[in-house]
Amino acid sequence: MPVATTVQPSPAATTTPPAAPRRTRVWALAEARWAAAATVAFLVALPLQLAGAPAWTWGPLYAVAYAAGGWEPALAGLRALIERTLDVDLLMIVAALGAAAIGQVMDGALLIVIFATSGALEALATARTQDSVRGLLDLAPATATRLTGAGGEETVATADLVVGDTVLVRPGERVGADGRVLSGVSEVDQATITGEPLPAAKEPGDEVFAGTLNGLGALRVRVERDAGDSVLARIVAMVAEASETKAPTQLFVEKVEQRYSVGLVVVTLAVFAVPLLLGAELAGALLRAMTFMIVASPCAVVLATMPPLLSAIANAGRHGVLVKSAVVMERIGQVDAVALDKTGTLTEGTPRVTAIRPLPGAGLSADALLTCAAAAEHPSEHPLARAVVRAARDRDGALPEVEDFAATPGTGVSARVDGARVEVGAPTRLLTGDDPEVRAAVAELEESGHTAVLVVRDGVPVGVLGIADRLRTDAAATVGALRALTGRTPMLVTGDNPRAAARLAEEAGIDDVRAGLLPQDKVAAVREQERAGRRVLVVGDGVNDAPALAAAHTGVAMGRAGSDLALETADAVIVRDELATVPAVVRLSRTARKLVGQNLVIASVFISGLVAWDLIGELPLPLGVLGHEGSTVIVGLNGLRLLREAAWRRAAGRAG
């Protein structure tokens, strides 16, 4: 409950605004600038060419697109070639140049633009994730107040604190180091570490974490971990480690790029050299080899893969799901296990009054009890107080005036309401006598996962309120849909207490509950599933979820109240906080993967047919180009089917 203290907040805590998050600007990335230059040149050249303008007007623009978008992948491909590796980037550059050599300048430029844009998006995603990891360190204060042996105080850098130091944490300050409370009573918002929706009461003997926000009480804390070993520092380390060790993700076509690239080069050289050795003319052999390279190039295969995935990304984006790349869209459909965070994911993340228990003989109705408690709580800014006031206003709206309001650290509030002294707070603090009825009411609420709040009037207990986070309206349906998709019930992973977790899990239909977890414990739960051969989808929203989001096969963040670190670490973001879109996007991904399979079959049939024609007979170059481009158009149109609204309705399980 709300707390008070005679120690005043430090000037730094009250006057210094929080530092703005450090975010890499798009144009600060060279990849983005080159991709933008290539795209602009292409978009200006294309209408000029289609309008029949002279080649000198659009030719140089296409050249700019080739140069701006192609020099980096070409350089990277050449470096890989020096290391005896032939990658698809270099092959795409060669294919684009080959297309230009036979007059298909626009097709080559389009390939260049696609590759440059993809590289820029990947670079931006990487930079933003690094920004968020660095920004997380800003949660920990730069300085702390260390108490000296002579009873004095000194301001020191938190990095200089050592185990055994005693620090003073004033009201409104962030805790400077992991440690244990020596003296003082307060409440600490530690949602960044545990994800708990409510501030945790702290008294002597309780553990506190660096970066968490102290309430209105003053605490003296003995440091128990060095700065580099704090839970906050370990979160940063875990996110970085998981991001680096996560298996490289590749689209299907890229998994065979090395063999295909090498094979294509070898066969192209053979198609050129063998006829020469048999006495063919140089021009004819070169034309046949060029035709072979064009019809066998993986352009159609690349475009067979990308349109379905990009269409699925666009469709999901229209419905509030931001999927960060085509690779992510492909991976989402592979998941066969799900781990869900509790607060802010399965629940709304806002405490609400869910139970009102007037005590027998108190003479108060449920509405009267709630109004009495809300009047006393009204001056407070504590989350529980706001929940009580909000519930009373929803029922009635009018609250009586109060006098002599006071708040006591770790206990609650007191005020004079309609001439009576009303106290609202923690039962363990306010209940002094042995009252079986009160203790039974409190025990019933706490065992069902509620936070119990006792209301006392003129020294006599008159009722108990139960406050809890409320399950999202679509949570149970989402759990059922995910169970049907993966073949197993999702797992609940939360830093909240086991009783609250068990109550919510039962309502949502989850039987595998992991409660009281720190961030490293969530990662361990994900790793456990992976060792069992499962691809885990993690859905969360907080800083404490970020390591698990990074470690999972696929991470999805709830966007409305999600932390910056969670949003940047996750592979996809539910922008509108509609939990039901999670199974919908999984279905959409699986549909996209099916279309990719269809397109690969179509592209393979065209490529193999044209290649056989060129090798066995004499394939005219214009016909080869027509067949190659025709297959590209067919697979492209097939993939664009996922742009339709009907595709999302089917994925969401709605008719129509």
Side-chain angles (χ1 to χ4, degrees), residues 26-27 29-75 77 88-121 283 286-307 310-311 313-314 326 599 603 606-607 610 619-640 643:
V26 175
W27 303 119
L29 298 172
E31 295 91 342
R33 296 195 297 270
W34 288 116
T39 303
V40 170
F42 177 81
L43 293 177
V44 174
L46 181 61
L48 291 174
Q49 182 187 17
L50 296 179
W56 63 266
T57 61
W58 47 263
L61 291 170
Y62 278 135
V64 170
Y66 274 79
W71 77 268
E72 282 191 314
L75 182 59
V88 78
D89 286 353
L90 184 59
L91 194 62
M92 286 297 96
I93 296 299
V94 172
L97 294 175
I102 61 171
Q104 304 297 319
V105 180
M106 185 271 288
D107 296 328
L110 178 58
L111 275 178
I112 293 290
V113 168
I114 289 175
F115 267 72
T117 303
S118 175
L121 291 175
L286 182 60
L287 181 61
R288 182 187 290 268
M290 182 64 71
T291 303
F292 175 84
M293 187 188 73
I294 294 300
V295 300
S297 70
C299 306
V301 177
V302 171
L303 294 177
T305 303
M306 294 300 289
L310 294 178
S311 297
I313 289 173
N599 283 348
F606 270 84
I607 290 175
L610 293 171
L619 175 63
L621 181 58
L623 190 57
V625 172
L626 179 62
H628 181 267
E629 298 306 317
S631 65
T632 301
V633 171
I634 291 173
V635 297
L637 292 177
N638 190 41
L640 293 177
L643 283 173

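- When all heavy atoms of A38 and A68 are compared, the closest pair comes out as N-CB, 3.9 Å.
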Distance-only check: which donor-acceptor pairs under 3.5 Å involve side-chain atoms of residues 50-58, not counting sequence neighbours?
from, atom 1, to, atom 2, distance (Å)
T57, OG1, P54, O, 2.5
W58, NE1, A53, O, 3.0
W58, NE1, P54, O, 3.3

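- Looking at residues two or more places apart in sequence or on another chain, you find a side chain to side chain contact (heavy atoms under 4.5 Å, CB included) between L75 and W71, R79.
- Nearest heavy-atom pair across A314 and L643 is CB-CD2, 3.7 Å.
- For the side chain to side chain contact (heavy atoms under 4.5 Å, CB included) test, residues two or more places apart in sequence or in another chain that qualify with A30 are R33, W34.
- Of all heavy-atom pairs between V64 and A41, the closest is CG1-CB, 3.9 Å.
- Under the side chain to side chain contact (heavy atoms under 4.5 Å, CB included) criterion, A36 pairs with W27, sequence neighbours left out.
- For V44, the side chain to side chain contact (heavy atoms under 4.5 Å, CB included) test picks out V40, L48, L61, with sequence neighbours left out.
- Using a 4.5 Å heavy-atom threshold, the side chains of Y66 and V105 count as touching.
- Residues passing the side chain to side chain donor-acceptor pair (under 3.5 Å) test with Q49, sequence neighbours excluded: Y62.
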